[in-house]
Chemist: 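Before I ask anything, here is the structure I am working with.
Below, all heavy atoms of this structure are taken into account, side chains as well, without hydrogens, waters or symmetry copies. As the structure is a prediction and not an experimental result, all values here were calculated from the model. Just so you know, ligand 1 is whichever comes first in the structure, and atom 1 is the first atom listed for that ligand.
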Amino acid sequence: MAGLLDGHVAAVTGGGSGIGQGICQAYAREGARVIVLDIDSAGARETVGLIAAAGGKASAMTLDVTDRRACNAIAVEVASSGSISILVNNAGINRRNPITADKAAVAKDWDDIMSINLDGMFNVTHAFLDQLRATKGRIVNIGSIQSFVHVTWPNSAAYTTSKHGVLGFTRSLAAELGKDGVRVNAIGPGMIETKINAEARTRNPEMVATVMRHTPLGRPGKPEDVAGPAVFLASDLAAYVTGSIVMADGGFRSI
Ligand SMILES: NC(=O)c1ccc[n+]([C@@H]2O[C@H](COP(=O)([O-])OP(=O)(O)OC[C@H]3O[C@@H](n4cnc5c(N)ncnc54)[C@H](O)[C@@H]3O)[C@@H](O)[C@H]2O)c1
């Protein structure tokens, strides 16, 4: 049976863990050749191994999305074996120091979160822009419920700001690149069980309970819960969808 992404080449940042790994696996299952980009080389190789074991096509490249020059170099290297037609900007971090915490720590959180979650998204998108325009490609940015709200637990001003920025970037690129046939959308995950929040979930079960009380589906998500919308947005099923954010949050934002 034909896959929804047959013939596509997809680059996924942060593809070595969690949501990014789930998206890489789903894209490969749907027929795409996947380029797994991650600062964590071992994680990226693990994803390639999982895809190869399932009969899919993937390769791993080590990339720090904050390094603009490296992003440009990787885009050139990738182009030598075929332009990408799908880009997923997924690499991201979160830290939860209150804004009133130690000044140096709060300033470092701000700098690190902005440089990975926002500058990183710009660096990679800009580096691959010519390829995506040439292939009438699709961009999927990973936002959050925090693209809209400061969630019920405090202490994430930098992360909330960065994820609002992801949505702004998505909408402005959709407006600008529509004429080139490039679609740009976002996904807003709720609480998904990955490494990014493993420690917080263990340390603070009350935080999980608070989020679950506000989640109609009543359970945390798994990476595959985000991978489905990511396949949809990258595929021709979403041919008339751009500038949108699809929530994968168990209903958190709708109530
Ligand atoms: N898990 C959640 O509850 C949740 C909710 C909303 C949004 N998100 C977003 O989903 C995305 C993926 O997060 P996750 O939950 O899978 O976390 P994760 O920690 O499991 O994965 C993040 C990946 O990004 C990579 N990464 C970090 N810094 C990088 C850099 N400078 N360059 C390249 N790669 C880098 C990490 O090595 C890791 O493989 C993030 O943007 C996160 O903000 C997660």
Side-chain angles (χ1 to χ4, degrees), residues 11-26 35-48 50 60-71 74 87-96 109 111-125 127 140-153 156 158-167 169-170 186-201 204 207-208 210-212 215 219-227 229-230 245-250 252-253:
V12 181
T13 70
S17 173
I19 291 171
Q21 184 170 76
I23 291 174
C24 287
Q25 290 177 277
I35 300 162
V36 185
L37 303 172
D38 206 297
I39 195 169
D40 172 7
S41 313
R45 281 197 304 272
E46 179 187 288
T47 302
V48 170
L50 291 168
M61 297 174 97
T62 305
L63 178 68
D64 176 354
V65 297
T66 68
D67 183 343
R68 189 167 295 165
R69 224 182 311 172
C71 292
I74 285 251
L87 171 64
V88 181
N89 285 306
N90 163 79
I93 60 164
N94 192 5
R95 298 209 197 106
R96 294 198 171 88
D109 288 350
D111 290 346
D112 291 349
I113 287 173
M114 293 306 159
S115 73
I116 297 172
N117 297 10
L118 277 185
D119 294 347
M121 178 177 60
F122 167 78
N123 292 340
V124 177
T125 305
V140 179
N141 298 321
I142 305 301
S144 168
I145 45 181
Q146 286 173 253
S147 295
F148 300 95
V149 290
H150 190 295
V151 286
T152 41
W153 64 92
S156 47
Y159 185 78
T160 298
T161 306
S162 77
K163 291 299 181 181
H164 275 57
V166 169
L167 187 53
F169 187 70
T170 301
I187 298 176
M191 181 180 285
I192 312 294
E193 289 175 334
T194 69
K195 277 186 206 154
I196 209 172
N197 51 28
E199 200 237 303
R201 282 185 282 116
N204 192 356
M207 179 263 285
V208 179
T210 305
V211 177
M212 287 309 109
T215 300
R219 64 166 176 88
K222 305 219 170 296
E224 52 267 34
D225 292 316
V226 183
I245 182 164
V246 174
M247 301 310 292
D249 64 352
F252 183 98
R253 193 184 161 231

Chemist: Ignoring hydrogens and angles, state whether a donor on the side chain of Gln146 or Ser156 is under 3.5 Å from an acceptor on the partner side chain.
Modeler: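 Indeed, the side chains of Gln146 and Ser156 share at least one donor-acceptor pair under 3.5 Å.
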
Chemist: According to side-chain hydrogen bond (donor to acceptor under 3.5 Å, both in side chains), who are the partners of Asp38, at least two apart in sequence or on a separate chain?
Modeler: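 Asp38: no side-chain hydrogen bond (donor to acceptor under 3.5 Å, both in side chains) contacts found.
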
Chemist: Do Asp64 and Arg69 meet the salt-bridge criterion of a basic N to acidic O distance under 4.0 Å?
Modeler: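 So Arg69 does not pair with Asp64 through a salt bridge.
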
Chemist: I'd like to know if the side chain of Asn89 pairs up with that of Thr13 as donor and acceptor (distance under 3.5 Å, no hydrogens or angles considered).
Modeler: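 No.
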
Chemist: As a test of reading the model: which residues have a non-hydrogen atom less than 4.0 Å away from ligand 1?
Modeler: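 Residues within 4.0 Å of ligand 1: Gly14, Gly16, Ser17, Gly18, Ile19, Asp38, Ile39, Asp40, Leu63, Asp64, Val65, Asn90, Ala91, Gly92, Ile116, Ile142, Gly143, Ser144, Tyr159, Lys163, Pro189, Gly190, Met191, Ile192, Thr194, Lys195, Ile196, Asn197.
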
Chemist: Under 3.5 Å, is there a donor on one side chain and an acceptor on the other for Asp119 and Thr66?
Modeler: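 Side-chain D/A pair, Asp119 to Thr66: absent.
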
Chemist: Is it true that a side-chain atom of Ser147 and a backbone atom of Gly143 form a donor plus acceptor pair closer than 3.5 Å?
Modeler: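 Pair absent, no side-chain N/O of Ser147 close to backbone of Gly143.
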
